[in-house]
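Below, read A as the first sequence line, B as the second, and so on, with proteins coming before strands; counting in each chain starts at 1.
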Number of protein chains: 2
Amino acid sequence: MTIKVLIADDHQIMREGLRAMLEKEHDIKVLGEAEDGRMIQRMTQELLPDVIIMDVAMPDLNGIEATRQIVAELPGVKIIALSMHDDRRFVLNMLKAGAAGYMLKDCAFKDLAKAIRVVMSHKTYLSHEVADIVVQGYLSSTDPKDPSAFQLLSPREREVLQLLAEGQTSAKIADKLHISVKTVETHRQKIMDKLKTRNIAELTKYAIREGLTST
Amino acid sequence: MTIKVLIADDHQIMREGLRAMLEKEHDIKVLGEAEDGRMIQRMTQELLPDVIIMDVAMPDLNGIEATRQIVAELPGVKIIALSMHDDRRFVLNMLKAGAAGYMLKDCAFKDLAKAIRVVMSHKTYLSHEVADIVVQGYLSSTDPKDPSAFQLLSPREREVLQLLAEGQTSAKIADKLHISVKTVETHRQKIMDKLKTRNIAELTKYAIREGLTST
DNA sequence: CTTACAATGGGGAGAACTCCTGATATGCGG
DNA sequence: CCGCATATCAGGAGTTCTCCCCATTGTAAG
């Protein structure tokens, strides 16, 4: 029995590459390709695939939203997220939306082929890079809320992070916030623990992604 | 006569997809794949390809820097940039670095195959989305513009800056570049003098603005 | 040939960061 | 009331960064 697959990615060369590789598998048939979330939604209703390979970041309607809507309508369709990012927000939100698998784009194709067969047997497949992210996400999900990585930080921690990312030293931050240098360092340490960063460069990039500061 | 091709991209599934498609072309042979700029540089010296398909954004040594260095050593090698971004800085800097073509990742594979054959005949190939960017870049280059990182910093300094902005310590950078920590610190000091920055956070932001690294 | 700059390497000093270990107080929810 | 998160503060150790000083080599421009 052949597995019917749809591909959703906003980059045509990526779609064609995936198709070229998938077509080497005898038991897999690629029904079509979509370049955004809205398009994959329509195609899914028409073509009823078994599996969708879904990019997370797409224009118009992103992969997370598309997944949520498709799973709500057609629970039988298995969706495998294929993403460049191992950002925990993407991973956790995608799984919460109902994805049956999450692969990074730097995985091997054979892993993807394997993932397709795994999700077909109603199991979840995660590439090993994201596995521990999910575990930690599960462990820290004592509350049913939306714990975006940003909300991981307390207001004070976000305040400190912003000043750090603006290039201020701990001493200056302490001065500005009227607290001791040691307190600033404690905040910084907690921030780095939570974000799993190890230095100012990574903290700065995180702050930029979260809009706490600009380039 | 077959065209010998190397692939440089930090995502394995992208590399495999490109390889799968390229191998369908009778006159093209894929010699190998690299996952960062440093690796493609070494492989180019060993394998002497005709064409390199080069991702612009790669860790460690980005595609622009790698292109600059490869073109300097081996002017005969044709490099086609393959990027997600139509950001003018990427396009213009890549071409300035000596790339013979610039394609967006949402182009069709047949365009890429065509680009390979065009650059083999010593011509430049641009996917149409970036063509007008280049024209406008040319027009605005008649007036003296603000000094970007590429004129202000030396190649080695840009290399060090990228690694700093990726969160690496001086010791690790020294190790990676096979130079002493003191040399790295000298480079860093010169970079900070030139850019008038005082810390890693500001350096990181500068590197992001200039496209040396991404968030 | 001189001048300038890039790239390499080094010594030393103080500041800043990173990573531990603690502690106290407050407020909120079960 | 208890547990938990937040916010505050501290000591110490080790690493890293920042900023001075300096040098040699090679190369490109004038």
As a test of reading the structure: which of [options] is closest to the side chain of [X], going by heavy atoms?
X	options	answer
A:Thr186	C:dT8, C:dC19, D:dA10	D:dA10
A:Thr169	C:dA6, C:dC17, D:dA7	C:dC17
A:Ile179	C:dA7, D:dT6, D:dT8	D:dT8
B:Ile200	D:dC9, D:dA7, D:dT18	D:dT18
A:Met192	D:dA7, C:dT8, C:dT18	C:dT18
A:Glu185	D:dT8, D:dT18, C:dT18	C:dT18

Roughly how many Å is it from [atom1] in [X] to [atom2] in [N], rounded to a whole number?
X	N	atom1	atom2	result
B:Asp193	D:dC21	CG	C1'	14 Å
A:Leu203	D:dC17	CG	C1'	15 Å
A:His187	C:dT18	NE2	P	16 Å
A:Leu164	C:dC17	CG	C1'	10 Å
B:Lys190	C:dA4	NZ	C1'	10 Å
A:Ile191	C:dT18	CD1	P	11 Å
B:Lys194	C:dA4	NZ	C1'	12 Å
A:Leu177	D:dA7	CG	P	11 Å

Please check if any side-chain donor atom of [X] sits under 3.5 Å from a side-chain acceptor atom of [Y], or the reverse.
X	Y	result
A:Tyr102	A:Ser83	yes
A:Gln12	A:Glu16	yes
A:Thr197	A:Lys205	no
A:Thr186	A:Thr183	no

Practice task
Kindly give the heavy-atom pair with the smallest separation between B:Lys105 and B:Asp55, and that separation in Å.
Solution key: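 Heavy-atom minimum between the residues: NZ-OD1, 3.6 Å.
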
Practice task
Using a 4.0 Å heavy-atom cut-off across all strands, classify A:Thr183 as base, sugar-phosphate, or nothing.
Solution key: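 Base: the residue A:Thr183, judged by heavy atoms under 4.0 Å, touches a nucleobase.
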
Would you tell me if any nitrogen or oxygen in the side chain of [X] comes within less than 4.0 Å of OP1 or OP2 on [N]?
X	N	answer
B:Ser170	D:dT16	no
A:Arg188	C:dT18	yes
A:Arg156	D:dA5	no
A:Lys182	C:dT21	no
A:Gln189	C:dT18	no

